[in-house]
Structure formats: structure tokens, C-alpha cells
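All of these numbers come straight from a predicted model, not from anything done at the bench.
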Number of protein chains: 2
Amino acid sequence: MREILGVMKALADENRLRIVAALHGRELCLCQIVELLGLANSTVSRHMSILYQARIVQSRKDGRWSYFRLAEQDATPAALDAVSLVLQSLQQDGKIRADAQRLKQILRVDPEILCQRRSESPC
Amino acid sequence: MREILGVMKALADENRLRIVAALHGRELCLCQIVELLGLANSTVSRHMSILYQARIVQSRKDGRWSYFRLAEQDATPAALDAVSLVLQSLQQDGKIRADAQRLKQILRVDPEILCQRRSESPC
DNA sequence: ATATCATTTCGTCATTTCGCGAACGGACGA
DNA sequence: TCGTCCGTTCGCGAAATGACGAAATGATAT
């Protein structure tokens, strides 16, 4: 019960669904997700923690950066099924499509520069 | 987005998961669910409304009684998949097993008597 | 060693959600 | 018609959730 409930709660938030969709087939660092969603980095960090505790994402640290990706071998079956269901449902969603476009732009920028730019010019 | 988000939110509550599990392969009236969960009928009615709006359950009125069952032809694919995922995950859950046992007792009682008993003796 | 940078944690606030009882509405039966 | 009954809706208080900024943490570079 606790397991499936945690998974469902983790996926019962619009911003976390956007994060899951953005991580589909990709690995992103926190500042990239922050840039995509336009939320405070503390907020995004909290979202990632919730997704992590539900075994939906894995994290990896490289120096100062934390990279996140969808869990695969480490995920529970419930989490895997829920994620693929979500991904399928969001395939044609407008907001998710817009995120994908915007993500292309973000990925063109070196993360190093991306993070610094954030503190300089709060677009 | 709205659709899948509604489904996930509807299933991100322990009592609603218990309701979904109880409705597996069965049709129940509100007072039976009230008896099973031990919550106020207004609260259960609210839960059913949330599940209904997410297209997870269907409802049917027969006289004074409202009967609920898991949606099938009327459900969206996302809702169907989510429900089967939840049912599978809860198959071996202790609390759900206990509910199933208790439900057997409840189903032995005529609903007519069950509802009346509620107002007489608040166990 | 110190400064800087990306991330996490903490404290706080606004909003949402969940629970209940009371009031309301529709349906049955006397 | 009137009372009773099941269910829904409304209004409220308590608890959970999501957002932010500030402070703390951990790692890198000067």
C-alpha cells in the first residue's frame, strides 16, 4: 500500500508530471529542470526528492551537479508501469510538447553557463 | 494533462485506493462502502465524486440507493490502465486483504438493514 | 584557506485537501 | 400528504501540500 500510494502521490502534481516527461530518454541536471519549469531551485529539489523516494527517478552526483534520470533497473514494477502510463498519456499534450521544444533550446546551452546566467539575469 | 492528472490525484489517497480495491469485480452501494471504511457518509460521497470525475467509477441509481462500480466501457484508457496497475499492486496488501474479509461480512447483510443499523448503533 | 558555486534543508506562508456534522433533495411507504 | 430514509451538497476546522527565500552543505577553483 505504502509503495503504490507513494508512487501515485508523486505523480499527482502537474510540475512533477512535466519533470517525468522531460526526463524521458534523457538525463538532466537540476538547473536544467529549474530553467525548464521556471520554479525556484529549492522547489525543484524538493520535487526531485519526492520522485526519488517513490523510486521513480535515480540520481547521480558529478561534482557540484546532480543529474537525474528515470529509474530503470532500480525502479519497482509499480513505478515503472506508472511512469510508462504517464508518458503515454502525455504524449500528445500541448504543454508537454511546448516543454519539449523549450528543452531543446536549454540543451544547446552548456549547463555551466546556464546556471550562472540564472543568477545574473532572472528572465 | 488534465485527464491523467485527475486520475493520478484521484488515486493518490489511501481511502480511495481501498474503495477501488473493494469495487474490484463488484458493485457496491454507498452505505456498504461507508460501513467498510468507517468514515462519514458525506466523506465517502465526496470520495466517490472524485473517483467519478476521473472516470474511474460509474454510478447507477436505484430508488434511494446509489450503486458504484469500476468504469469499463465508459472509462478512459488512462483510467483503465491506472486502475489495473493499482489493483495489481494492492493484490497482496495486508490492509486490502483485511478489507476483503470484512467486505464478505458486510455483503451477507441486506443493504436495507445495513443502512438502518448505522443510524441506530454508531459502533 | 577562502571564495564561489550547485544543490539541499529549513522556516514560513498561501492554497488545497480531508474529515465531520448540518442542511438539503429526491424517493419510498404509511 | 407526511414522515422516513439514502445520498449529496455546504460550511467549517485540521492537516497536508507546494511555493519561496534564507541558511546550511558539499565540492571546486583561486
Side-chain angles (χ1 to χ4, degrees), chain A residues 2 5-6 8-19 27-54 57-68 106 109-120 122, chain B residues 2 5-6 8-19 27-54 57-69 106 109-122:
Chain A
R2 189 173 202 166
L5 189 56
M8 300 312 274
K9 285 193 177 188
L11 297 175
D13 176 87
E14 176 170 338
N15 286 323
R16 287 196 292 270
L17 289 185
R18 292 173 69 191
I19 292 171
E27 185 180 58
L28 295 174
C29 90
L30 189 81
C31 66
Q32 293 173 315
I33 305 174
V34 166
E35 182 71 17
L36 177 65
L37 299 184
L39 296 175
N41 48 12
S42 61
T43 302
V44 174
S45 180
R46 174 145 193 69
H47 282 313
M48 299 317 297
S49 167
I50 291 170
L51 290 170
Y52 180 82
Q53 286 177 358
V57 304
Q58 283 179 297
S59 73
R60 170 177 77 84
K61 277 199 173 177
D62 183 12
R64 287 166 289 181
W65 285 275
S66 286
Y67 291 94
F68 299 91
I106 294 173
V109 183
D110 186 334
E112 183 104 30
I113 299 170
L114 185 67
C115 293
Q116 291 180 351
R117 197 166 52 178
R118 170 146 292 276
S119 49
E120 290 167 9
Chain B
R2 191 171 200 165
L5 190 56
M8 301 313 272
K9 284 193 178 187
L11 296 175
D13 177 88
E14 175 169 339
N15 286 323
R16 287 196 289 270
L17 289 184
R18 292 173 68 191
I19 292 171
E27 185 180 59
L28 296 175
C29 87
L30 189 81
C31 67
Q32 292 173 314
I33 304 175
V34 166
E35 181 71 19
L36 177 66
L37 299 183
L39 297 174
N41 50 11
S42 61
T43 302
V44 174
S45 181
R46 174 153 188 67
H47 282 312
M48 299 319 295
S49 167
I50 292 170
L51 290 170
Y52 180 83
Q53 286 177 358
V57 303
Q58 282 179 297
S59 72
R60 170 176 76 87
K61 277 199 175 179
D62 183 11
R64 287 167 288 181
W65 284 275
S66 286
Y67 290 95
F68 299 92
R69 69 188 131 146
I106 293 173
V109 184
D110 186 335
E112 184 105 29
I113 300 171
L114 184 68
C115 293
Q116 291 181 350
R117 197 165 54 178
R118 171 148 290 276
S119 49
E120 290 168 6
S121 67

Just wondering, do A:Arg18 and A:Asn15 contact through their side chains at under 4.5 Å, heavy atoms?
yes
Compare all side-chain heavy atoms of B:Glu35 with those of B:Val109 and state whether any distance is below 4.5 angstrom.
no
Among the nucleotides C:dC18, C:dG26, D:dA27, whichever has the atom closest to the side chain of B:Arg64 is C:dG26
Strictly below 4.0 Å: does B:Lys9 bring a side-chain N or O up to OP1 or OP2 of C:dT17?
yes
Spacing of B:Trp65 atom CH2 relative to C:dC28 atom P, expressed in whole Å
9 Å
Passing candidate, side chain to side chain contact (heavy atoms under 4.5 Å, CB included) with A:Ile19, options A:Asp13, A:Leu37, A:Leu28:
A:Leu37
With respect to the side chain of A:Ile50, which nucleotide from D:dT17, D:dG18, C:dC20 is positioned closest?
D:dG18
Taking all non-hydrogen atoms of both residues into account, name the closest pair between B:Phe68 and B:Leu30 and its distance.
CE1-CD1, 4.0 Å
Nearest-Å distance, CD1 (B:Ile33) to P (D:dC6)?
15 Å
Given C:dC18, D:dA19, D:dG18, identify the nucleotide with an atom nearest to the side chain of B:Asp13.
C:dC18
Report yes if at least one side-chain N or O of A:His47 is closer than 4.0 Å to OP1 or OP2 of D:dT17; otherwise report no.
no
Select base, sugar-phosphate, or nothing to describe what B:Tyr52 touches, counting heavy atoms under 4.0 Å on all strands.
nothing
Please give, in whole Å, the distance from D:dA19 C1' to A:Met48 CE?
17 Å
Under 3.5 Å, is there any donor-acceptor pair linking the side chain of B:Ser42 to the base of C:dG21?
yes
Select base, sugar-phosphate, or nothing to describe what B:Lys61 touches, counting heavy atoms under 4.0 Å on all strands.
nothing
Separation of atom CZ in B:Arg60 from atom P in D:dC6, rounded to whole Å
17 Å
Quick one: A:Asn41 CG to D:dA24 P, roughly how many Å, whole number?
17 Å
Rounded to the nearest Å, what distance is computed from the OH atom of residue B:Tyr67 to the P atom of nucleotide D:dG7?
8 Å
Compare the minimum distances between each of D:dC20, D:dG7, C:dT7 and the side chain of A:Cys29, then state the nucleotide with the smallest one.
C:dT7
Are any non-hydrogen side-chain atoms of A:Gln32 and A:Leu36 less than 4.5 angstrom apart?
no
Protein-nucleotide distance (A:Arg46, atom CZ; D:dT17, atom C1'), rounded to Å
8 Å
D:dG7 OP1/OP2 closer than 4.0 Å to side-chain N/O of B:Ser45
no
Of the nucleotides C:dG19, D:dG7, D:dC20, which has the atom closest to the B:Ser66 side chain?
D:dG7
Let me know, please, whether A:Thr43 or A:Asp62 comes out on the 5' side of the other along DNA chain D by nearest nucleotide.
A:Thr43
Looking at B:Gly6 and B:Ala54, what are the two nearest heavy atoms and their distance?
O-CB, 3.8 Å
Without decimals, in angstroms, what is the distance between B:Glu14 CD and C:dT17 P?
18 Å
Report the nucleotide, chosen from C:dC18, C:dC20, D:dG7, that has the shortest atom-to-atom distance to any side-chain atom of B:Ala40.
C:dC20
